[in-house]
Protein chains: 2
Amino acid sequence: MPKRTDLSATFCPVGRSAELLGDRAVLLILRDLFFGNRRFEVIAANTGLGPQLVSARLKLLESEGVVERRAYQERPVRYEYWLTDKGKDLFDVLYAMRGWAERWAYREGETGGGPAMRYIHRACGTDVGTAMVCPGCGEPLGYGDLKGEPSAALKAEQARRRSN
Amino acid sequence: MPKRTDLSATFCPVGRSAELLGDRAVLLILRDLFFGNRRFEVIAANTGLGPQLVSARLKLLESEGVVERRAYQERPVRYEYWLTDKGKDLFDVLYAMRGWAERWAYREGETGGGPAMRYIHRACGTDVGTAMVCPGCGEPLGYGDLKGEPSAALKAEQARRRSN
DNA sequence: ATAGTAACTATGATAATCATAGTGACAAGG
DNA sequence: CCTTGTCACTATGATTATCATAGTTACTAT
């Protein structure tokens, strides 16, 4: 590509978000970070992205203040990537993407009945489906309020990726 | 790029959404469609994307069932692009992106005080800020429930784009 | 001394993107 | 009827991001 148009100066908020989020690699890496995968190799394996792309995007996310790089051991130095508050606040976007896909992107019965990823409201135990507000207790749903459970098919896929 | 990795077969719902939404051009075009811009030239001008990219992405969106192409006149035949139900259901994603940007992507005072884009809950008249649930009446917010009002800065930017 | 692990960097082929220009079908004005 | 204008695109060529693959660094473990 040529240098892509810079959207960071537009006044449109969707444009500004698109500058960062309009990129499949960024979205996949964020997904993994929300899932709790913080190590370079795990992220690379699970996203299926090459190490160079993962490296470039993690640097970008760090420079945007979305991700923080922390050494989890010295000798040899090894790093983990953690979501900052600004990063955690992207949960709504990823959760909305997940909801849309659950409603529209699967063929009938493809996931074996339920959703590809189930979310339970920790506070009241309700399966929230794809709602933005808990259908059980009416509370708005954010990161930390929900417990995700991948379907059997998704679990199998992740295990396969990790073993390659 | 080489042919990008196909995510349409993954079981992860975020991956499936990222297949379509992990693309700045798609996000910008969707933004315009939600804004009510339905004509090719208007979308091209307002997004700043070249006609070839706009053409390619509209075809993609149509083939995904997110957008519908309708002739609005014969002789000469001219087309408009409308969001389908599947397309309108992406509102949550764009709205979440907008919310995140409003909270994190502007320097202090850059928009002249308020948000870059204000949303009013039609049902009760409350300015919803960046909430997913109306702070006035507690109702969940979806496409059609909200009336958007661009800030002066955003309006000026759009006018500038249209005149080029 | 060899093998292994984690986190990367280097290289070259491929293909998506951008800017710019051009096309087809028609309407309106002089 | 001939030029100009509008809308919705398509064509072309240069640029550059992406992918696959291989290599590097800095250690630990056996």
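Letters A, B, ... mirror the listed sequences (proteins, then strands); counts begin at 1.
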| Taking B:Ser151 for the side chain and B:Ala116 for the main chain, is one N or O donor matched with an acceptor at less than 3.5 Å? | yes
Rounded to the nearest Å, what distance is computed from the [atom1] atom of residue [X] to the [atom2] atom of nucleotide [N]?
X: B:Asn46; N: D:dC7; atom1: CG; atom2: P; value: 15 Å
X: B:Gln73; N: D:dC9; atom1: CD; atom2: P; value: 12 Å
X: B:Leu49; N: C:dT17; atom1: CG; atom2: P; value: 10 Å
X: B:Ile43; N: D:dA8; atom1: CD1; atom2: P; value: 9 Å
X: A:Lys59; N: C:dC8; atom1: NZ; atom2: P; value: 7 Å
X: A:Tyr72; N: C:dA6; atom1: OH; atom2: P; value: 7 Å
X: A:Leu53; N: C:dA16; atom1: CG; atom2: P; value: 15 Å
X: B:Arg24; N: C:dA16; atom1: CZ; atom2: P; value: 17 Å

| said: Measuring to OP1 and OP2 of C:dC8, would you say a side-chain N or O of A:Tyr81 lies under 4.0 angstrom away? | reply: yes
| If only side-chain N and O atoms of B:Ser55 are considered, is one of them under 4.0 Å from the OP1 or OP2 phosphate oxygen of D:dA8? | no
| Presence of donor-acceptor pair under 3.5 Å, side chain of A:Gln52 and base of D:dT21 | no
With a 4.5 Å cut-off on side-chain heavy atoms, are [Y] and [X] touching?
X: A:Arg69; Y: A:Leu58; value: no
X: A:Leu146; Y: A:Tyr95; value: yes
X: A:Lys155; Y: A:Glu149; value: yes

| For the residue pair B:Tyr143 and B:Phe91, does the interplanar ring angle fall in the parallel (under 30°), tilted (30 to 60°) or perpendicular (over 60°) class? | tilted
| Base, sugar-phosphate, or nothing: which does B:Tyr79 touch, judged by heavy atoms less than 4.0 Å apart? | sugar-phosphate
| field | Close approaches to DNA chain D from residues 62-70 of chain A, in residue order (heavy atom, under 4.0 Å) | value | none
| note | The nucleotide from D:dT10, D:dT18, C:dA7 with an atom nearest the side chain of A:Arg57 is D:dT18
Within the sub-3.5 Å range, which N or O atoms of nucleotides 23-30 of chain D have a protein N or O partner, and how far apart are they?
none

| request: Decide whether A:Val26 and A:Val42 are clustered together by the hydrophobic rule: side chain heavy atoms of Ile, Leu, Val, Met, Phe, Trp, Tyr closer than 4.5 Å, transitively. | output: no
| task | Salt-bridge test for B:Asp23 and A:Arg24: reply yes if a basic N is under 4.0 Å from a carboxylate O, no otherwise. | result | no
| Sidechain N-carboxylate O distance under 4.0 Å for A:Arg107, A:Glu110 | yes
| query | More 5' along DNA chain D: A:Pro51 or A:Ala25, using each one's nearest nucleotide? | reply | A:Ala25
| A:Tyr79 six-ring centre to A:Arg39 NZ/CZ under 6.0 Å and within 45° of normal | no
